Amino acid sequence: MSQKNQTLGEFIIENQSAFKYTSGELSRLINSIRLAAKVVNHEVNKAGLVDIIGTAGDTNIQGEDQQKLDVYANNKFIQTMTKRNIVCGIASEEEDDFISINSQDENHQNKYIVLIDPLDGSSNIDVNVSVGTIFSIYRRVTPVGTPVTIDDFLQKGNQQVAAGYIIYGTSTMIVYTTGDGVNGFTLNPAIGTFYLSHPDMQFPEDGKIYSVNEGNYIHFPQGIKNYIKYCQMEEGDRPYTSRYIGSLVSDFHRNMIKGGIYMYPKSSKASNGKLRLLYECNPMAFLAEQANGKASDGFNRIMDIEPTELHQRVPFICGSKNMVEKAEEFMRNA
Ligand code: P6P
């Protein structure tokens, strides 16, 4: 039984035997993510002090300006996981295509692949609002010993073996699951150690916070409009509070602790919404379900969606189970 103030390293070792693919490889992978998180955290925390904010002058496949910290975080996570010869493939929001990792022994013996959003919410960097890293881990489906293919990355979210995020906020935390609940670890920057601060995190079944960019209201589907009006109605425990940071990891983290719902619906401006299925919605959906919450596209379970391309987008509704089910009811009845 994990106890508060256990270090992340102790927690990984203690729970490794519980993990059904006990090989130590996943532990080493989580450890490499922990190391990269500390390095990126150091840069994020001094973003205002050095000429590292502002755009890197390039745009990514999403057509978004790549912030210098986006590029830095992307490089750090890829380097850390590649150098340790732990994974056989990586896909990133900041990379047009997936990366095949040629392991030192050319047999590509590693069996895990990672999909990552290295710095989500990066438009908030210049205004000192918290941002996050999101990661999703699968076992490869193509034969071990061969280069990975796109099939290794286009797996349904229900095949994830682990998922999590790092939130670079008032404190830096790693929150992750390997399919046996969700645990949060807070960094003590003085000694560079993550401590178990939030064991067994759970979404309250109900909440009073809704998170959506209401500036897009007129473009939303009627069901979402009706649900937003429901949240604002004076009835019972409503109106709810509207809280939208513009950083998925931050809104998700607050809603998981306090209870709430996050929505990025499709709209007449974005026919599939904005968030990417493979390295944003699936990992957050895995965490949500492991924390007694729910994640859907308004009609279907996110983790049952059959992926068709690496950077595909889906509508995303995620949070307290009863709130997500109420939103789905409005979508069905619109
Ligand atoms: P908008 C950040 O770019 C992000 O992917 C999420 O972290 C965030 O919730 C959303 O997009 C914000 O998008 O269109 O409301 O600014």
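None of these values were measured; they are calculated from a predicted model. Start at 1 and go down the list; that is how both ligands and their atoms are numbered. Residue indices begin at 1 and follow the sequence shown.
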Worksheet entry | salt_bridge(Glu25, Arg28) N-O dist < 4.0 Å | no
Practice prompt. State whether Arg301 and Glu289 are salt-bridged, where the test is any N-O pair (Lys NZ or Arg NE/NH1/NH2 against Asp/Glu carboxylate O) under 4.0 Å.
Written response: yes
Practice prompt. Give the intermediate values and the outcome of salt bridge (charged side-chain N to carboxylate O under 4.0 Å, His left out) for residues Glu328 and Lys294.
Written response: CA-CA 11 Å; Glu328 289 175 326; Lys294 192 164 184 178; 3.5 Å; yes
Those atoms of ligand 1 less than 4.0 Å from some heavy atom in [X]:
| X | value |
| --- | --- |
| Glu280 | 5 (O) |
| Leu275 | 5 (O) |
| Gly121 | 2 (C), 7 (O) |
| Tyr244 | 1 (P), 9 (O), 10 (C), 12 (C), 13 (O), 15 (O) |

Fill in: Distance flag, aromatic centroids of Phe203 and Phe252, threshold under 6.0 Å
yes
Is there a polar contact between ligand 1 and [X], counting only N or O atoms under 3.5 Å apart?
| X | answer |
| --- | --- |
| Leu248 | yes |
| Asp251 | no |
| Asn216 | no |

Worksheet entry | contact_flag Ser123 ligand 1 heavy-atom lt 4.0 Å | no
Worksheet item: For Asn282 and Gln160, does a side-chain donor sit closer than 3.5 Å to a side-chain acceptor?
Response: no
Worksheet item: Does a donor on one side chain sit under 3.5 Å from an acceptor on the other, for Asn158 and Asp304?
Response: yes
